[in-house]
Protein chains: 2
Amino acid sequence: MTSKDVARVAGVSQSTVSYVMSGKRPISEKTRRLVEDAIEQLTYLPNAGARALASQRTQVIAVAMPFDPTSGAAGLMAFIEEITLAARRRDHDVLLVTAAEGVDGLRRVAGGARCDAIVVMEVRTDDPRARIARDLRVPTMFVGFPADREGLHCIDFDFEGGARLLVAELAHHRRVTVLGWGPEVVERDLNYVRRFRVAAEETAAARGVELDWVPVGHDRVEEQVREVLDAGSRALLVTTHLARVVHAVQGTGLRPGTDLDLVALATDADATAFPVPVTAVSQHPRDVSRQALQRLFELLDGGARDTGVRLVPASLVRRSSVRPTGSTR
Amino acid sequence: MTSKDVARVAGVSQSTVSYVMSGKRPISEKTRRLVEDAIEQLTYLPNAGARALASQRTQVIAVAMPFDPTSGAAGLMAFIEEITLAARRRDHDVLLVTAAEGVDGLRRVAGGARCDAIVVMEVRTDDPRARIARDLRVPTMFVGFPADREGLHCIDFDFEGGARLLVAELAHHRRVTVLGWGPEVVERDLNYVRRFRVAAEETAAARGVELDWVPVGHDRVEEQVREVLDAGSRALLVTTHLARVVHAVQGTGLRPGTDLDLVALATDADATAFPVPVTAVSQHPRDVSRQALQRLFELLDGGARDTGVRLVPASLVRRSSVRPTGSTR
DNA sequence: TTGTAGGCGTTATCAG
DNA sequence: CTGATAACGCCTACAA
């Protein structure tokens, strides 16, 4: 089934079929009908390869996956799903590139004209994929900030803003314990960990709060929560493993919002999955995805010269895991 | 950068370049060198669209995603990653299709020659995508079993076998509580839930065990665990939310492998993420993925006429969450 | 062992 | 407003 068949059935030329589909030139109402009926009747779909060859547009966005996709999988899937949906809205498809392929993967999909643009997920501070991005044939959007972002397009959640909001929420305490990302995450060299921590510590210093930063190991969550609570901490800022932390807290008999204050960096779904819903800042993976694609399409459309970083603003939703201010200190 | 350029630099004809790359005809050592050097020098990559157009092969596998990709995300990511890796090993890429597109998505990617084959994830008992699969232009592999699988290619983990192994492991108890998939999952009409349950109940009946089937709601895991333990249950078979179940158990002061026996359907990573590692049957998402692609490539290669279902066998790994048999009953 | 040339299905330019 | 026709870059008979 080709556009030639459609043309024959409709009794028009092949190029007319093409123009009906693209809308790139005026068509009389009558022939448009003819063509559209033929298309319908034959259930015609244009051949992607041929179209890409002739138009120099693949209608494909490549997505470079994170290195360990199974950790933090729920957030990642939200990300990937939203990218795919946003791409489809603009009649594009999504091609997956594993992180295992590294730099070669990007070169391959860009060089072989397999995509029109690339989204690179989970960018590291020192990321080889960032270094070669400048000489790729296609616009590339980085989710996360590499150290050298000269001439790159980057987008990320505003972890600094999130840190400030969360610390401020607990600033009536003398001491705040941060249950932070564990070594497995830190050693991945994700620069948002540092951004979050620095902003948290600055805010704490400015507000006269003492911050205890406790990296939480994947295999010791419950143990560490207990230690921290035994040591007397009653103000918890959780950046990861929220479900396990909350259950560990409850296991000690203490109740968030009653016996202690707890805030978190967590999706709305996670924050509201407990008897006591948690005051939290969400990373908004879907917003980040949408904006990433929006900027990419702006670049493809030839508008938007703006290179550089963009932040998805942080916002805090108060729920019942924090007592009304004034009840402490 | 085209094969024409390579040909010019190498001083050979364009077709020779093509044949060097495909290996579809003998090439003298000398010209092969010439061509390979030129390819290297120009960092040439063949244009995917042109290749697809000429060869009628896109080198792309489409993957139709599940409806709610964020639930059970870790398993899904393992799945997707393994599919992508397996595809790359055969020089193919992976294209994502959202479940939201439904049947049209499959028609689109198949009809428009956007892929050579399709993998459909999380197939439902009554799945429209299964009904139209027979008239798609490309071979399609279903992960999971639809009710009508006449002429379809399906693959899935052997949930029945898994159920038998798990129940057998607790068969020295008079009563076993199954903390099963909750309504959110059951209503998705995934036929493995029924398969697992029926097999579990058959095995229990055969072994003289009484089975309490408790569907666990996402928002009530801890509560339900407590209820079940309060009611005296000391044999737990967990199919979902393992981490939360284990922590809830520990919260009651009871210890798996000491005060009660606990087995689970869970990945090895999940089963070993606790102080007391859990005796478990894994769904082996990566094995399922690999076999799905292997069969698909067999079909593409023109071999393998076998239509029908294939099961990835279940196996149980004993860890320390079950007391040595004989200590009860 | 290598070269020539036609065709794959679209897009888009040039005429009309 | 519509119709020919030349690319687009690669594959693969067919010749040599």
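Numbered from 1 within each chain, the chains take letters A, B, ... in sequence-line order.
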message: Which residues pass the ring-ring contact (aromatic ring centres under 6.0 Å, His included) test with B:Phe159, not counting sequence neighbours?
response: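 Testing B:Phe159 for ring-ring contact (aromatic ring centres under 6.0 Å, His included), a comparison that skips the adjacent residues, returns B:Phe157, B:Tyr192.
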Could you tell me which non-hydrogen atom of [X] sits nearest to which non-hydrogen atom of [Y], and how far apart they are?
| X | Y | value |
| --- | --- | --- |
| A:Val119 | A:Leu293 | CG2-CD2, 3.7 Å |
| A:Ala130 | A:Arg134 | O-NH1, 3.2 Å |
| B:Ser3 | B:Gln14 | OG-NE2, 3.1 Å |
| A:Ala133 | A:Leu152 | CB-CD2, 3.8 Å |

- prompt: Looking at DNA chain C, which of residues 39-48 of chain B put a heavy atom within less than 4.0 Å of it?
  reply: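 Residues of residues 39-48 of chain B that come under 4.0 Å of DNA chain C do not exist, since none gets that close.
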Side chain [X], main chain [Y], donor-acceptor under 3.5 Å:
| X | Y | result |
| --- | --- | --- |
| A:Arg88 | B:Ala100 | no |
| A:Asp5 | A:Thr2 | yes |
| B:Arg57 | B:Ala52 | no |
| B:Thr43 | B:Glu40 | no |
| B:Arg188 | B:Val185 | no |

query: Is there any ring-ring contact (aromatic ring centres under 6.0 Å, His included) pair reaching into residues 88-108 of chain B, and which pairs are they, with sequence neighbours excluded?
result: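 Sorted pair list: B:His92-B:Phe297.
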field: side-chain hydrogen bond (donor to acceptor under 3.5 Å, both in side chains) partners for B:Ser13, two or more places apart
entry: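 With sequence neighbours excluded, B:Ser13 shows a side-chain hydrogen bond (donor to acceptor under 3.5 Å, both in side chains) to B:Ser15, B:Thr16, given in chain and number order.
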message: For B:Asp158, give me all partners under side-chain hydrogen bond (donor to acceptor under 3.5 Å, both in side chains), at least two apart in sequence or on another chain.
response: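 With neighbours one apart ignored, the set is empty.
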- prompt: Considering residues at least two apart in sequence or located in another chain, which fulfil the salt bridge (charged side-chain N to carboxylate O under 4.0 Å, His left out) criterion with B:Arg129?
  reply: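 Checked B:Arg129 against salt bridge (charged side-chain N to carboxylate O under 4.0 Å, His left out); matches are B:Asp127.
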Any residue meeting salt bridge (charged side-chain N to carboxylate O under 4.0 Å, His left out) with B:Asp156, in chain and number order, not counting sequence neighbours: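 Partners of B:Asp156 by the salt bridge (charged side-chain N to carboxylate O under 4.0 Å, His left out) criterion, ordered by chain and then number, come out as B:Arg195.
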task: Mind running a 4.0 Å heavy-atom check of residues 9-20 of chain A against DNA chain D and sending the residues that fall below it, in number order?
output: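 A:Val12, A:Ser13, A:Ser15, A:Thr16, in order of number.
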- request: Check each residue of residues 25-33 of chain B for a non-hydrogen atom within less than 4.0 Å of any atom in DNA chain D, then write out the ones that pass by number, or none.
  value: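 Those residues are B:Arg25.
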query: How would you give the extent of chain A contacts on DNA chain D, as first and last nucleotide 5' to 3' within a 4.0 Å heavy-atom cut-off?
result: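 In short, chain A contacts DNA chain D from D:dC1 to D:dG9.
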field: Terminal axis angle for the helix from C:dT1-D:dA16 to C:dG16-D:dC1, five pairs an end, nearest 10 degrees
entry: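 One end axis against the other gives 40°.
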task: Taking atom types as modelled, find out whether A:Asp68 and A:Thr70 have a side-chain donor-acceptor pair closer than 3.5 angstrom.
output: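 There is such a pair (donor and acceptor under 3.5 Å, judged by atom type) between the side chains of A:Asp68 and A:Thr70.
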message: Could you tell me the boundaries of the chain A footprint on DNA chain C, defined by atoms under 4.0 Å from its heavy atoms?
response: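 The contacted stretch runs from C:dG9 to C:dC14.
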- request: Determine, for A:Phe67 and A:Arg124, whether the Lys NZ or Arg CZ falls below 6.0 Å from the six-membered ring centre while staying within 45 degrees of the axis.
  value: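 Satisfied, under 6.0 Å and within 45°.
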